[in-house]
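For ligands, and for the atoms within them, numbers begin at 1 and follow the listed sequence.
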Amino acid sequence: MSNSDFTPRESFSSKFGVVAAAAGSAVGLGNIWRFPYVVGENGGGAFLLVYLFFIVAIGMPVMLSEFVIGRKAQRNAIGSFKKLAPKTLWYFVGVIGVAAAFLILAFYSTIAGWTLEYIVKAISDSFAGKDMDEIAALFDTFHTGTFWPLFWQIIFMSVTLVIVIAGVKNGIEKYTKILMPVLVVIIIILCIRSVTLPGASEGLSFIFRPDFSGLTAGSILSALGQAFFSLSLGMGTLITYGSYISKKEKLGTTVVQVTAADTIIAMLAGVAIFPAVFAFGIAPEAGPGLVFITLPNIFQEIAGGYLFALIFFILLAIAALTSSISILEVVVAYLKEELYMTRKAAALFAAIVITIMGVLCTLSSGVMEDVKIFDSTFFELMEFTASDILLPLGGLLIVLFIGWYLGSKKTRREVSNEGSLRARHFPVFMFLVRFVAPFAIALVFLYGLGWLQI
Ligand code: PHE
């Protein structure tokens, strides 16, 4: 029996807190750093349409499945399966999730650390008067270094730790409630700046005018992969948060709101970035360097660029923080409930282990660049294992669990709050969960492993 049978379980205290925390988890580096460059690499508008289709047809059903599991069981990612499917191996889905949390936060904190360095670079006006090559060199010198990337990673992990130790209501909910609206305001300011640049319309038509000729089978699958990562699906983050949602909350509505927030912010990030990219003649397929190399160059060439650079990197750090909190919480909730650790000890232990793994990721671009396992650096290995293997596998098993193990009756009871809501779209949800989502996720999974060549 877990200790939560004796002590009242922590929960979110308000409707807005639930949405802010879950949306805070979803909105992160995935939206603002990854989404624009993946859209850029895959040709713009057509990719965006496919992505939006996957968000609705697969992302939303998987999200609702995670909420149902967590809120019904009132447990962490592993404990939930132990409770809903006792004496079976389903709890292994939670094990995959907890393992993924360690790996994701390890490399996530590397990139998040970079955003902190770039806040300082923005404050000290380091980009001023530099051309594209000099700004690229600035990034190279920094991210291949040892001390500063590690320093910022540790600072980032410490802030994450402090918030998670404060707990669900006083930490996670309180901070995301402030941080999320700030984020939206800052990104809207950036959008306004970007779309008013001369030549901005080309960037807008790049993302909003679909050109299906450039769409390959590979980009269709990477749209699904991006949908997964961006919505924080497949590793029990939303099972854990689901367990903090009150029985009175409407899960379906929460799913719609969180998905809308995540999608709107990704689109806003695209609107903030592409018009500027085109206005300054930069290649949209610049890749992962888009934020750290290209944008500083753009910022220092526009009026008010000093301020825009500063708010942009603050925004990125905030978005990363509300996601990292949710990743650490997956591990903490597990250690607390299944291994009876205190919240503080659990958070400290998890953060230390993750930081040690994270150090390996950070040094992968510097002194440990040549240390390779299966031909990959630690960073690449952890990113690949978590994103391309563990998340799709976890997501696939989650929809199979809801669709084929827990079944329609029990799921309906949870979604309709014991019959008090009508849950009108429930049959659509169940159809997606049983047939559409498993098939589509399996495709991404096989593709990620290279077992399916397209
Ligand atoms: N969704 C987060 C982002 O977009 C990343 C994340 C993935 C968070 C998986 C939790 C779980 O940055």
Exercise. Answer yes or no: does atom CZ of F92 have more than 12 heavy-atom neighbours from other residues, nucleotides or ligands under 6.0 Å?
Key: no

Exercise. Tell me whether the centres of the aromatic rings in F139 and H143 are closer together than 6.0 Å.
Key: yes

Quiz prompt | CD1-OG distance between I327 and S25, expressed to the nearest 0.5 angstrom | solution = 7.0 Å

Show me the short polar-atom pairs for ligand 1: any N or O of it lying under 3.5 Å from a protein N or O, with distances only.
from     : atom 1 : to   : atom 2 : distance (Å)
ligand 1 : 1 (N)  : S25  : O      : 3.4
ligand 1 : 1 (N)  : A26  : O      : 3.0
ligand 1 : 1 (N)  : F229 : O      : 2.9
ligand 1 : 1 (N)  : S230 : O      : 3.0
ligand 1 : 1 (N)  : S232 : OG     : 3.0
ligand 1 : 4 (O)  : A26  : O      : 2.9
ligand 1 : 4 (O)  : G30  : N      : 3.3
ligand 1 : 4 (O)  : N31  : OD1    : 3.3
ligand 1 : 12 (O) : L29  : N      : 3.1
ligand 1 : 12 (O) : G30  : N      : 2.8
ligand 1 : 12 (O) : Y108 : OH     : 2.4

Exercise. May I ask you to check whether over 12 heavy atoms, not counting those of K247, lie within 6.0 Å of atom NZ?
Key: yes

Output side-chain donor-acceptor pairs under 3.5 Å for residues 348-357, partner residues at least two apart or in another chain, one line each.
from : atom 1 : to   : atom 2 : distance (Å)
T355 : OG1    : A351 : O      : 2.5

Quiz item: Take atom CZ in F208; do more than 12 heavy atoms of anything else shown fall under 6.0 Å from it?
Solution: yes

